[in-house]
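Notes follow once the structure below has been shown.
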Amino acid sequence: MAKHIFVTGGVVSSLGKGLTSASVGMLLERRGFRVRLQKFDPYINVDPGTMSPYQHGEVYVLDDGAETDLDLGHYERFTNAPLTRDCNYTTGKIYQTVIQKERKGEYLGKTVQVIPHVTDEIKAGIKKLVNDDVDVVITEIGGTVGDIEGLPFLEAIRQFALDIGKANILYIHLTLIPYLKAAGEMKTKPTQHSVERLRQIGIQPDILICRTEREISQQDIDKIALFCNVEARAVIEERDKDFSIYEVPVSLVDHGLDQLIVDKLHLKCKPLDISDWREMLVRMRNPAHEVQVAVVGKYIKHNDAYKSIYESLEHAGIAEHTRVVIRKIEAEEIEREGTERILSGLDGILVPGGFDYRGSNGKIDAIRYARERSVPFFGICLGLQCAVIEFARNVCHLADANSTEFDHNTSHPVVVMLDEQFRITDKGGTMRLGSYDCVLSPGSQAHKAYGTVDVKERHRHRYEVNNQYRGQFEANGLVVTGTSPNGKLVEVVELRDHPWFLAVQCHPEFKSKPTQAHPLFQSFIHGCVRRRERK
Ligand code: GLN
């Protein structure tokens, strides 16, 4: 029978429940268990796909095309657990199902209510991950204990213990122990109150993970244990990491979390082995090179809007023994200040995915700078589309070339809406989403990086390169080196006479891990190091 771990959060948001859940998943995997992870988000959007990155940060895309919360990115970077659309539920998605069932008459005769109908649907979502190949399911509950919208989820996980027996369940509560400078003390009261809220609902946490800036004294640990009704050894300190988030699992091991979970769930397992992870951290601390890479985007001010891009650059740096300093550049700043001022001295330029016109000219200017100055350039999704527009305008002399996303009336629509998108009017979940095959040209930069010509990558877009212009681009030096297997969709373009200039329609950043950098990111960073050395 599968065991269940529920992770809740208290006191404040942004405590890093996703990272902690991912770390717990990783430690259990390294103990030999087959783990699954999922997240419940209490907001009413059916998925985060329609939300602005300012609201929500990055939308993380899975192989099956699900648009999910960015915490699922942590799950994939820390573990090998397969993720599907059953790994992210929102209040909206749960209610959508309940309401569809009601319309079909599946509750005929009954009054449909939060308890039991909504809570049953939540529990069904948890049970969907259970099968014979799964030992532990980790379910993260988004939001903060005490929020009105989180209540049905907490009620559901309370009931879950009645359904399958408390011995098969562990409740982990993540909380904050603030340090009050004026008092010169750590404060445990917010934690006490948040646990009290949980206990009112009927959930007694088994383990408290305490986020803190400073070391928590034994005296404070004992106090938290007593007031919150948990064992002292189950009060685990998780101190802020100033070096890297990838230190989190190691520090949780140092505080005994993996052994504690194994003991509490009465699991038999092998000893923990995270030697490769520790080696990765040593490598990260001792780089042989340093490069500065510009990420030119539209949502730069939001820390999480390009989360997976930043992580992938870091992973590539680890693989290339290189410290990657990321310069986050607002595209509109380039429009105001000019490329020379903003971009000179940098070793590489990356233009990530995005939507809409704002900032597009800044991105295009940045790409022109990279092309003309032989600076390594990596374009991703909208980054590819902007590279094509730049090339059309400045090399092929198609002065008003554009994407029809930015200008419907352009006389040279070099980027146009995908055929399959023409008749779609709904916004949610209607792009070309998820994993698609791509075939690379032998000998191309992309082929050299991947080491194979058949690749699969995740997508999230509505527009594509207009095939009518392909001949003109290729004749002038922008070569299509990757397409869909039927040859119809442009997937990769490369510049012929340039040290490293490559753009992809897919999102490779969703498939990079700290211990296994994505080949394209690694090759890009390699190119940046070579440029730095030439300088
Ligand atoms: N807005 C572009 C499109 O829909 C690019 C999308 C993206 O970068 N993810 O095709």
Side-chain angles (χ1 to χ4, degrees), residues 47-63 65-68 70 73 295-300 302 304-310 312 331 349-364 366-367 377-390 392 401-408 410 413-436 438 457-467 469 482-484 488-493 502-511 518 520-521:
D47 63 41
T50 54
M51 270 189 255
S52 154
Y54 284 128
Q55 289 280 312
H56 190 268
E58 161 186 282
V59 175
Y60 191 81
V61 181
L62 305 181
D63 277 337
E67 297 176 277
T68 71
L70 57 81
V295 174
V296 180
K298 183 170 105 168
Y299 312 105
I300 289 297
H302 193 298
D304 285 337
Y306 303 107
K307 185 88 195 154
S308 295
I309 298 271
Y310 300 148
S312 301
I349 296 172
L350 187 152
V351 176
F355 294 83
D356 294 331
Y357 179 73
R358 183 170 72 77
S360 60
N361 283 327
K363 295 174 191 173
I364 290 167
I367 296 167
F377 166 74
F378 191 10
I380 291 179
C381 205
L382 187 69
L384 174 142
Q385 297 170 3
C386 287
V388 165
I389 298 168
E390 190 281 316
N402 219 334
S403 164
T404 52
E405 182 179 14
F406 307 149
D407 177 8
H408 269 297
T410 169
V414 291
V415 176
V416 290
M417 200 179 261
L418 281 161
D419 267 354
E420 64 201 70
Q421 295 288 328
F422 275 144
R423 280 171 297 277
I424 292 173
T425 50
D426 278 6
K427 287 271 188 264
T430 57
M431 286 184 259
R432 179 173 181 241
L433 286 166
S435 188
Y436 286 91
C438 163
E457 292 286 358
R458 299 179 191 171
H459 292 69
R460 180 172 188 253
H461 64 120
R462 288 203 168 84
Y463 295 81
E464 61 166 327
V465 176
N466 186 342
N467 284 325
Y469 291 90
T483 64
S484 54
K488 283 192 179 155
L489 299 178
V490 171
E491 293 284 11
V492 188
V493 298
L502 185 150
V504 292
Q505 188 57 73
C506 63
H507 288 277
E509 72 271 24
F510 297 141
K511 285 173 73 166
H518 188 285
L520 291 181
F521 277 90

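Note that ligands are numbered from 1 as they come in the structure, with each ligand's atoms numbered from 1 the same way.
We find the OG-CG distance between Ser403 and Asp356 to be 10.0 Å, quoted to the nearest 0.5 Å.
With 3.5 Å as the limit, one finds no donor-acceptor pair spanning the side chains of Glu58 and His507.
Looking at Val465 and Val414, their side chains never come closer than 4.5 Å, going by heavy atoms from C-beta outward. At a threshold of 4.5 Å between non-hydrogen side-chain atoms, the residues Asn466 and Val388 do not count as touching. Between Pro53 and His302, every side-chain heavy-atom pair lies at or beyond the 4.5 Å cut-off.
Using a 4.0 Å heavy-atom criterion, the residues that approach ligand 1 are Gly353, Gly354, Phe355, Cys381, Leu382, Gln385, Glu405, Arg460, His461, Arg462, Tyr463, His507.
Salt-bridge formation is not detected for the pair Arg460/Glu509: no Lys NZ or Arg NE/NH1/NH2 atom is positioned less than 4.0 Å from an Asp or Glu carboxylate oxygen.
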